[in-house]
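Because the structure is predicted, anything quoted here is derived from the model rather than measured.
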Amino acid sequence: RIMAADQATLTTGAATIVLPALEGVTADYIVLVTSANASATAVSGSLVISATATTVTLAGTGSQVLSWAIIKRGLSV
């Protein structure tokens with residue numbers, strides 16, 4: 001299941017998105033990140049879930065626009 005998804009514009013190659021805490025632990029989720037620019041360099045994303053927040057940290061180059069999604073692992077039926 002997609003838990004959250006959006007786009008973010010990097011500032012000096014980085015962006016941080018803070019959301020309410022998701023249930024479970026970080027290992028229960030996958031973060032997907034892609035650039036909106038077809039000729040962009042590599043991008044990455046990481047996820048940390050604490051007791052009070054879910055934090056997605058995005059990295060790339062300059063002011064790239066990145067699309068990201070948090071997906072819960074496992075089967076959804």
Side-chain angles (χ1 to χ4, degrees):
R1 291 172 283 169
I2 296 175
M3 306 305 290
D6 204 350
Q7 284 190 323
T9 301
L10 302 181
T11 302
T12 337
T16 302
I17 297 99
V18 180
L19 305 167
L22 293 173
E23 291 183 15
V25 297
T26 302
D28 294 338
Y29 300 89
I30 298 167
V31 176
L32 297 177
V33 182
T34 189
S35 177
N37 180 344
S39 62
T41 58
V43 297
S44 65
S46 62
L47 176 71
V48 174
I49 299 174
S50 71
T52 58
T54 298
T55 304
V56 179
T57 303
L58 304 174
T61 304
S63 58
Q64 285 177 287
V65 176
L66 302 184
S67 299
W68 59 270
I70 301 171
I71 302 169
K72 186 164 176 114
R73 295 174 59 162
L75 295 176
S76 178
V77 291

Query raised in the report: Pick one: which of Leu58, Asp6, Ile70 meets side chain to side chain contact (heavy atoms under 4.5 Å, CB included) with Ile17?
Result: Leu58
Query - Where Thr26 and Leu47 come nearest, the two heavy atoms and their spacing - result: CG2-O, 3.0 Å
Report task. Evaluate side-chain contact (heavy atoms from CB on, under 4.5 Å) for Tyr29 paired with Met3, printing each intermediate quantity in order. Result -> CA-CA 9 Å; Tyr29 300 89; Met3 306 305 290; 3.7 Å; yes
Report summary line: Taken in chain and number order and not counting sequence neighbours, the residues that satisfy side chain to side chain donor-acceptor pair (under 3.5 Å) with Glu23 are none
Query raised in the report: Looking only at atom types and distance, does a side-chain atom of Ser63 sit under 3.5 Å from a main-chain N or O of Leu10, one as donor and one as acceptor?
Result: no
**Report entry** Given Thr54, Thr55, Thr57, the one that forms side chain to side chain contact (heavy atoms under 4.5 Å, CB included) with Val18
**Finding:** Thr55
**Report entry** Side-chain hydrophobic cluster, 4.5 Å single linkage: members besides Ile30
**Finding:** Ile2, Leu32, Ile71
Query raised in the report: Which pairs count as side-chain hydrogen bond (donor to acceptor under 3.5 Å, both in side chains) when at least one residue sits in residues 7-20, sequence neighbours excluded?
Result: Gln7-Ser67
Requested in this report: For Ala15 and Ala8, work out which heavy atoms get closest and say how close.
Outcome: CB-CB, 4.4 Å
